[in-house]
Amino acid sequence: MPPSCCGYLSQYTHHHLVAFLLTFFSYVFLHASRKTFSNVKVSISAQWTPSPRNGSAPALLPSETWEKNRLFADEQQATLFLGALDSIFLFSYAVGLYLSGVIGDRVNLRYVLCFGLCGSAAVNFVFGTLTEWLHIYNVYLYCSLWVLNGLLQSTVWPCVVAVMANWFGKTGRGFLFGLWSACASVGNIFGAFLASSVLKYGYEYAFLVTSVVQFAGGIVLFFGLLTSPHEVGLSSDCPTGLSPVDTETHRPLMSDEEAEEDAYEPHYRSVRRQDEPGQESPKAVGFFQAFWLPGVLPYSLAYACLKLVNYSFFFWLPFYLSNNYGWKEVEADRLAMWYDVGGIIGGTVQGLVTDIMGKRSPVLALSLTLAMASLVGYSHSPDDKTANAVLLAITGFLIGGPSNMISSAISADLGRQDAIRGSREALATVTGIVDGTGSIGAAGGQYLVSLIESKLGWIAVFYFFVVMTGGSILFISPLIATEVRAMWRERQMRHHQL
Amino acid sequence: MKTGQDLLTPTWLVFILSLCIYRSHQLVKPQVCKQCSGTVPKGSEVGKFCSSSSGRVVGRCCLANETSNHERIIGLDLSNCSLTHVDNLQEASDALIIDLSSNAIINMSDSAFQGFSQLRQLFLPADIACPGGNSSWDKVKTNEGIRLCEGQRNMCNQSGKMPVHCPEYSHCAAYGPGFFQCSCADDYHGYKCLREGEFPALWVFGLLGASTLVLSLLLWLTQRRKAKSL
């Protein structure tokens, strides 16, 4: 039998717990500051524009209170610019993910993480707080700061996944990673809470508080994080990959391979330190090499389709709800949270199921097929908030779940597979590739959604989502075929043994 | 000789001191009061107003002590002053009475009296209309080539006209004849009155700094201290 879900909990120390919480909260803070930006958009565009004039009414006086700031003529232009900033961020985030995974595998993960968190906190502070205090409103400054922010933020995800994969082996990874990947959704909720509680003092304080919290998180991480169990002389769980027989041969905690690695690890580090910075270390997997690892390309493309749908919900759902049903913005924001809730539960439950089954892709395929149906169902949702919330949670469960799983558990599987056995330094690179490709899909999707919506209406947008979900099934179908075939063979073998 | 010098010293001091006071008065004397020569005539409307409200005539102005060391212009008499353009009277924006009669005024800018919310009496040449239009004043009289605009109306609570709408968190206040301003409501401030209250910086950062310190120390002691350099 595969390992049960409860047996493995006893093998974890307080170091495991701290690593889990530190990586979890560093991404919570990161996503909180990302959410802050989308929550203060109304205040920012008010700050950038003069007061609207209706018809022949005289201009409001005193003009330094009502007419002074003229970065944009009206709020519509400001909204367009804010949308452009979203796209700029996503693209530079995607490019950064490709780069930072490679960096994360070559430099100490703790330094990269701390740099990413504190650096992006500083950029956020300059973007939102300093420019407001100094009254510098400049489009080019905002754009270049947001490019920098995307690059800095991209260092965090590959590194936290790599740290998590170092601490938690494949046994139980699905469940723990499912639980852990709730960090993005928790960050959304935390960010919305922080922003709404200080927004009355001015939008610059929303940026100030989230960036200071993020900076503090970076400092705590620097003093507290152990990037791998090896640092305290513990061993990680068996670092095996997607081999078909892997779960049946329930490996011992300390395999020979692990001991071997322990033996050469110090030597390898010292060699690496002597290397030229630009020179590629013989142990770390190269960027292109990682791209062609089995499973990386199909999952990257599948994730591009899926993240497109997922982020479209993140960016457009409140707008759709208030636009299509005429619900108030606050109510729409609150309702949209059910999608996140569905995603949290979906990631955890589906991760647990894949752990018990020992296979990930069949669960993904089933969930995504049902997701296509639920998307069609959601597009025909009745004009009722409860029904809408239920449908939204189901859709979140079926789309957010697989999405969370690919970006965390499956990325970790791929970065630790047999093809690169012996080299542990592919984790961040592979995670970066998967999430980076996903982010490119998401960035392009934001444009496509607004285009389709304006030309063909919301129903067409939902059918576009259905097509994209189908596309993601298509991309992983070869993997599904091999895994299902392997499962079938195992069952036959077991049948014969009995 | 010695006593004479002792007597002289305080006299000199007083003289220098009074010179200083005089000089400083000269320095703060607003430009608008020197726009033309002469002073406010005793018998004019501004002159009568000034003596009844115990003001001090300086050039063409009537000044009143607001606080011990701050004076404001409560009356301005620029009659018979060869004025052709009226646009820079902002120094006298607290005035209650202004006389611009007996001038060949060609052009009076629309915003010339913006902010003159205290203004109660304005004398103009007969060919010049009252600022803000007749509806901004209680009474408009023309007599012997002089137009008198009297009793400024508050734009904010005018009955019969379209009510004035100020944006959220601000309320309407008088801002001169025909003008109103939207000033931020209590506790609101900043651009478009979007900000409310003061950010409790000390409290927030104190709490955050302390918890960061404690957490860092705790985690360092339990986690990183045990790390072996690889």
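Since this is a predicted model, take the numbers as computed values, not measurements.
- For CZ of F123(B), the number of neighbouring non-hydrogen atoms (other residues, nucleotides, ligands) closer than 6.0 Å is greater than 12.
- In this structure, chain A has no heavy atom under 4.5 Å from any part of Y188(B).
- Ring geometry for Y201(A) versus F199(B): interplanar angle over 60°, hence perpendicular rather than tilted (30 to 60°).
- Taking the side chain as every heavy atom from C-beta outward, F222(A) and S216(B) never approach each other to under 4.5 Å.
- Contact check for R224(B) versus L226(A): side-chain heavy atoms found under the 4.5 Å cut-off.
- Open room surrounds CZ on F115(A); 12 or fewer heavy atoms of other groups in view lie less than 6.0 Å from it.
- Between A46(A) and Y191(B) the shortest heavy-atom distance is O-CE2, 3.7 Å.
- Atom CH2 of W133(A) is surrounded by more than 12 heavy atoms from other residues, nucleotides or ligands within 6.0 Å.
- Nearest heavy atom pair, residue V232(A) against residue Q223(B), reads CG1-O, 4.4 Å.
- Taking chain B as the reference chain and counting heavy-atom pairs below 4.5 Å, the highest number among T49(A), L22(A), V198(A) is found for T49(A).
- Crowding of K68(A) atom NZ: a count of heavy atoms from other residues, nucleotides or ligands under 6.0 Å exceeding 12.
- Residues E231(A) and K226(B) form no side-chain contact, since every pair of their non-hydrogen atoms from C-beta on lies 4.5 Å or further apart.
- Only the side chain of L208(A) has a heavy atom closer than 4.5 Å to any heavy atom of chain B.
- Atom CG of L213(B) sits about 9.0 Å away from atom CZ of F223(A), to the nearest 0.5 Å.
- Only the side chain of V18(A) comes within less than 4.5 Å of a heavy atom in chain B; its backbone stays farther off.
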For side-chain contact (heavy atoms from CB on, under 4.5 Å), just list the numbers for L219(B) and L221(A), CA-CA rounded to whole Å, side-chain angles, deciding distance to a tenth of an Å, and then say yes or no. CA-CA 9 Å; L219(B) 287 177; L221(A) 189 107; over 6 Å; no
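- Contact of the Y205(A) side chain with the R195(B) side chain is not registered, since no non-hydrogen atoms from C-beta on lie closer than 4.5 Å.
- In L202(B), the CG atom is not crowded: 12 or fewer heavy atoms of neighbouring residues, nucleotides or ligands sit closer than 6.0 Å.
- Neither the backbone nor the side chain of S211(B) comes within contact range of chain A; no heavy atom of the residue lies under 4.5 Å from a heavy atom of that chain.
- Most heavy-atom pairs under 4.5 Å with chain A, from the set L215(B), L208(B), V204(B): that is L208(B).
- Contacts of V213(A) with chain B are made by both backbone and side-chain atoms, with heavy-atom separations under 4.5 Å.
- The 12-atom threshold is exceeded at CD of Q77(A), counting heavy atoms of other residues, nucleotides or ligands nearer than 6.0 Å.
- Closest non-hydrogen pair, S43(A) versus L194(B), comes out as O-CD1, 4.5 Å.
- The choice from R225(B), K192(B), E196(B), Q181(B) that makes the most heavy-atom pairs within less than 4.5 Å of chain A is K192(B).
- Interface remark: E198(B) contributes backbone atoms only to the contact with chain A (heavy atom separation under 4.5 Å).
- Not one N or O on the side chain of W66(A) forms a donor-acceptor pair closer than 3.5 Å with the backbone of P167(B).
- Note: P200(B) leads P200(B), A173(B), S183(B), G209(B) in heavy-atom pairs under 4.5 Å with chain A.
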